[in-house]
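Chain identifiers are assigned alphabetically (A, B, ...) following the order of the sequence lines, protein sequences preceding nucleic acid strands; residue numbering begins at 1 within each chain.
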Amino acid sequence: MHAYRTHKCAELRKDQAGQTVKLSGWIHRKRDHGGVLFIDLRDTTGITQCVVDQDSPLLTEIEKCRVESVITITGRVKTRQEGTVNRDLATGEIEVYIDDLTIQSQADVLPLQVADADAAGEDVRLKYRFLDLRRDAMHNRIRLRNNIIRSMRQRMWDQGFQEFNTPILTASSPEGARDYLVPSRLHPGKFYALPQAPQQFKQLLMVSGFDRYFQIAPCFRDEDGRADRLAEFYQLDMEMSFVKQEDIFATMTPVIDGVFKEFADWTGTPHRVEWLPNMAYNDAILKYGSDKPDMRNPLAICDVTDVFKREDVTFNAFKGIIEKGGVVRAIRCPQVAGQPRSFFDKLNDWARGEGAPGLGYILFEGAEGKGPIAKFVPTAAQEELKKIAGLKDGDAIFFVCDMEGKAAKLAGRARDKICDDLPTGHACAREKGVYKFMWIVDFPMYEFDEKSGKIDFSHNPFSMPQGGLEALNGPDPLKVMATQYDCVCNGFELASGGIRNHKPEIMERAFAIAGYSRDVLEKKFGGMLDAFRFGAPPHGGCAFGIDRIVMILANEPNLREVYAFVMNGAYEDPMMGAPTDPTPQQLKDLHLKVVLPAKVESVEKKAQKSA
RNA sequence: GCGGGCGUAGCUCAGCUGGUUAGAGCGCCUGCCUGUCACGCAGGAGGUCGCGGGUUCAAGUCCCGUCGCUCGCGCCA
């Protein structure tokens with residue numbers, strides 16, 4: 001007989017009754033009835049009930065074992081008597097009478113309960129992650145993650161993609177985030193960067209003629225965390241040669257569609273998978289106030305600046321901003337005449353919390369518009385609003401007024417907030433049970449950076465500008481579109497990608513517009529430029545955030561639920577103690593000296609602020 | 001860097017307008033119990049109410065500061 005087990009804990013059935021078996025696992029629960037002791041023995045497959053009788057010499061020994069101790073038992077499988085069968089357990093028709101016991105590992109008193117569903121705080125869970133991970137829900141999510149990645153791999157292989165590994169110690173890449181740096185011992189004063197994405201490597205693989213690349217790629221970015229953002233994460237990264245944007249969509253849409261359909265019902269709630277037509281970036285910003293709109297929200301935004309420009313409209317708060325170049329964006333919200341005043345007041349308070357003066361609205365109920373700003377908008381102007389926004393009796397329209405970028409963004413947030421505040425069952429409440437996908441296309445190549453007062457790349461500087469060199473040489477670079485796209489699902493940006501710029505002369509011009517000289521370009525991306533001078537195929541690709549996909553399919557609001565080991569919100573690992581202080585010898589080897597921020601100064605600053 | 005929320009037993013949390021000895025469930029310890037499966041019953045241990053200061057006759061509760069966690073903004077595909 002095997003040293004530890006003949007069966008797993010979810011395996012035994014009536015058929016094995018009478019057999020002598022060996023099981024190993026954790027004591028999930030103990031139920032001590034004095035004369036008879038039940039033990040739920042657990043491994044990752046499930047649970048088997050084991051029994052010790054009063055007359056057994058093992059009773060005292062096994063009573064000593066706390067839950068979560070690891071034991072190996074040898075015993076006889078018996079069919080349970082009628083009335084004692086547990087239908088909730090796969091092994092519920094049998095139980096194992098323990099004849100022999102080996103305690104493999106005694107468990108101390110636990111800092112968090114494994115068997116109980118009640119969740120401990122995240123700091124405790126992360127510190128004792130090995131215990132947290134024992135819980136059923138964590139096992140299931142980690143298994144889901146594994147299955148999703150397996151499915152992605154298979155689907156990529158099936159389409160002729162080759163899987164690669166690319167360097168982790170590399171040079172800074174052109175994304176805008178801060179790099180994690182690793183000091184070089186052999187090259188005093190120099191640092192490697194951890195990849196924000198294998199962007200240049202995958203492009204170089206295209207230049208090398210591999211045609212179809214993919215990787216489950218680790219990526220690192222040194223920016224502050226969020227519930228859906230971590231310092232290190234994984235992407236389904238892909239790139240292919242001789243393709244247009246449509247080819248990338250045609251390749252990846254079925255992969256993602258397939259993965260989502262395969263796991264759509266994992267939570268137990270069935271979900272549909274829907275793909276909406278591609279949407280231009282500018283339309284997304286105008287109509288939804290976001291480049292990753294949640295299309296389960298049926299509310300839409302429109303521009304009503306012209307209405308507030310009218311002479312008969314006397315709402316000066318907006319007029320002043322419009323004169324300075326601002327815009328008025330409006331959200332039509334159908335059938336809210338029945339909502340109490342507090343519905344509107346709460347939204348107004350919310351807007352103030354967002355830094356806006358408020359959230360003005362007009363409610364159309366009966367002949368005339370109602371609400372705090374209705375009196376500034378005469379009937380004729382109200383009629384125009386109705387026409388533009390398609391308002392019907394019983395609808396309300398909410399207004400946001402600011403400079404274009406800010407107005408769009410706030411309107412986008414208001415659109416989501418209003419949707420969330422609608423009572424359940426309302427026709428415009430957020431749709432449930434559906435994954436709504438969309439490719440957002442035609443991102444602008446450049447944006448004007450207010451702070452530095454100059455033009456900069458708005459996304460990936462390696463994207464091919466639409467219209468090529470000719471477009472770049474046109475009068476307004478800010479109007480140039482990049483061949484750049486995102487894949488969006490339920491308000492999450494799942495992927496980003498582009499058709500790349502493989503022509504050195506276009507690249508030089510593209511970087512020149514953003515203020516990078518030829519020298520800088522040559523110095524930073526010389527390897528890649530070189531590559532494009534020796535015969536590069538047109539190519540493009542994208543990268544899907546795997547963690548976000550798992551998070552959405554697991555219906556978890558937090559990325560940390562879908563990783564086995566993970567850092568907290570401040571990017572510390574309470575279990576491993578990372579990050580750590582280096583030893584003096586380590587610093588010496590790396591030719592480094594640590595200069596800590598001056599605490600005294602920051603205390604003074606705070607004192608000044610509070611004064 | 002900024003803003004919101006939270007911080008009370010090992011864990012999850014209650015504790016009202018300040019008022020006697022700070023509570024519950026789970027866990028832990030002891031005892032009882034032959035059929036439970038979140039077993040049950042009886043008893044017990046366990047608290048710097050995050051920390052520091054202030055107001056008050058009196059602070060878990062109010063005020064100020066500070067630290068930690070968390071969510072968000074900035075930042076970031």
Side-chain angles (χ1 to χ4, degrees), chain A residues 28-41 47-56 59 63 66-68 80-89 91-92 95 107-128 131-132 173-179 196-197 199 219-231 233 235 291-292 350 353-355 409 413 440 443 451 457-460 463 484-488 492-498 542-545 548 557-558 560 568-570 572 574 597 602-603 605-607 609-610:
Chain A
H28 189 65
R29 281 205 174 88
K30 283 198 298 184
R31 290 176 294 280
D32 189 350
H33 289 255
V36 61
L37 172 67
F38 298 100
I39 285 183
D40 289 339
L41 195 66
I47 283 173
T48 301
Q49 174 164 285
C50 304
V51 190
V52 186
D53 264 327
Q54 188 171 28
D55 45 2
S56 170
L59 192 65
E63 272 178 332
R66 283 194 202 93
V67 289
E68 293 307 311
R80 290 201 201 183
Q81 282 171 9
E82 202 144 330
T84 67
V85 169
N86 186 348
R87 303 276 167 215
D88 297 332
L89 225 52
T91 58
E95 56 197 359
D108 218 329
V109 176
L110 302 168
L112 60 88
Q113 299 306 309
V114 174
D116 284 7
D118 80 315
E122 200 169 80
D123 40 352
V124 177
R125 291 178 56 202
L126 291 183
K127 176 156 189 193
Y128 302 97
L131 289 178
D132 186 40
S173 86
E175 272 89 7
R178 264 186 291 268
D179 285 316
Q196 291 179 29
Q199 182 65 35
C219 305
F220 306 86
R221 287 173 198 169
D222 188 7
E223 296 292 348
D224 289 8
R226 292 284 185 278
D228 64 346
R229 222 165 69 194
L230 293 171
F233 56 97
Q235 292 190 330
D291 59 359
K292 45 178 180 183
W350 167 85
E354 296 288 303
K409 214 169 169 182
R413 279 188 208 161
I440 306 288
F443 277 72
K451 264 187 244 158
F457 292 110
S458 68
H459 286 81
N460 188 328
S463 297
Q484 171 89 36
Y485 39 81
D486 280 2
C487 182
V488 164
F492 287 95
E493 180 197 310
L494 283 195
S496 197
C542 64
F544 279 84
R548 280 186 186 165
N558 193 310
R560 290 186 279 268
N568 66 16
E572 298 158 321
S602 65
V603 170
K605 257 191 214 162
K606 274 172 190 163
K609 266 182 200 167
S610 61

Please tell me which of the listed nucleotides, [options], lies nearest to the side chain of [X]?
{"X": "A/Arg80", "options": "B/U36, B/C76, B/C28", "result": "B/U36"}
{"X": "A/Val124", "options": "B/C11, B/U34, B/C69", "result": "B/C11"}
{"X": "A/Ala177", "options": "B/G35, B/G27, B/C76", "result": "B/C76"}
{"X": "A/Ala120", "options": "B/C11, B/U34, B/C28", "result": "B/C11"}
{"X": "A/Glu572", "options": "B/A38, B/C69, B/U36", "result": "B/C69"}
{"X": "A/Arg229", "options": "B/C75, B/C37, B/G27", "result": "B/C75"}
{"X": "A/Glu223", "options": "B/U70, B/C76, B/C28", "result": "B/C76"}
{"X": "A/Gln113", "options": "B/G10, B/A38, B/U70", "result": "B/G10"}
{"X": "A/Ala227", "options": "B/G35, B/C11, B/C71", "result": "B/C71"}

How long is the gap from CD on A/Glu68 to CZ on A/Arg29, to the nearest 0.5 Å? 10.0 Å

If you go through the side-chain atoms of [X], does one of them form a donor-acceptor pair with the base of [N] closer than 3.5 Å?
{"X": "A/Asp123", "N": "B/C69", "answer": "no"}
{"X": "A/Asp224", "N": "B/G74", "answer": "yes"}
{"X": "A/Arg31", "N": "B/U34", "answer": "no"}
{"X": "A/Gln49", "N": "B/U36", "answer": "yes"}
{"X": "A/His33", "N": "B/C39", "answer": "yes"}
{"X": "A/Glu68", "N": "B/G27", "answer": "no"}

What is the distance, to the nearest angstrom, from the [atom1] atom on [X] to the [atom2] atom on [N]?
{"X": "A/Glu63", "N": "B/U34", "atom1": "CD", "atom2": "C1'", "value": "13 Å"}
{"X": "A/Leu59", "N": "B/C33", "atom1": "CG", "atom2": "P", "value": "12 Å"}
{"X": "A/Asp53", "N": "B/C33", "atom1": "CG", "atom2": "P", "value": "15 Å"}
{"X": "A/Asp228", "N": "B/C75", "atom1": "CG", "atom2": "C1'", "value": "14 Å"}
{"X": "A/Leu110", "N": "B/A9", "atom1": "CG", "atom2": "P", "value": "18 Å"}
{"X": "A/Glu95", "N": "B/G35", "atom1": "CD", "atom2": "C1'", "value": "8 Å"}
{"X": "A/Asp116", "N": "B/C13", "atom1": "CG", "atom2": "P", "value": "14 Å"}
{"X": "A/Arg125", "N": "B/U70", "atom1": "CZ", "atom2": "C1'", "value": "13 Å"}

Check this one for me: any side-chain N or O of [X] less than 4.0 Å away from OP1 or OP2 of [N]?
{"X": "A/Arg226", "N": "B/U70", "value": "no"}
{"X": "A/Asn558", "N": "B/C71", "value": "yes"}
{"X": "A/Lys409", "N": "B/G74", "value": "yes"}
{"X": "A/Arg413", "N": "B/G72", "value": "no"}

Is [X] salt-bridged to [Y], going by a charged N under 4.0 Å from an acidic O?
{"X": "A/Asp40", "Y": "A/Arg31", "result": "yes"}
{"X": "A/Asp291", "Y": "A/Lys409", "result": "no"}
{"X": "A/Arg125", "Y": "A/Asp132", "result": "yes"}

Report which part of the nucleic acid [X] touches: base, sugar-phosphate, or nothing (heavy-atom distance under 4.0 Å, all strands).
{"X": "A/Gly35", "value": "sugar-phosphate"}
{"X": "A/Glu122", "value": "sugar-phosphate"}
{"X": "A/Gln235", "value": "nothing"}
{"X": "A/Gly545", "value": "nothing"}
{"X": "A/Gly225", "value": "nothing"}

Give a yes or no answer on whether the side chain of A/Asn558 reaches the backbone of A/Arg560 with a donor-acceptor pair at less than 3.5 Å. yes

Donor-acceptor pair, side chain of A/Lys30 and main chain of A/Glu63, under 3.5 angstrom: yes

Could you pick out which residue, A/Asn568 or A/Gln54, lies toward the 5' side of RNA chain B when each is mapped onto its nearest nucleotide? A/Gln54

Integer angstrom distance from the C1' of B/G31 to that of B/C37: 23 Å

Integer angstrom distance from the C1' of B/G23 to that of B/G46: 14 Å

A/Asp179 versus A/Gln196: any side-chain heavy-atom pair under 4.5 Å? yes

Going by heavy atoms in the side chains, are A/Val109 and A/Arg66 under 4.5 Å from each other? yes

Quick one: look up who [N] pairs with, Watson-Crick or G-U, both distances under 3.5 Å, and put none if it's unpaired.
{"N": "B/U66", "answer": "B/G50"}
{"N": "B/G1", "answer": "B/C73"}
{"N": "B/C41", "answer": "B/G31"}

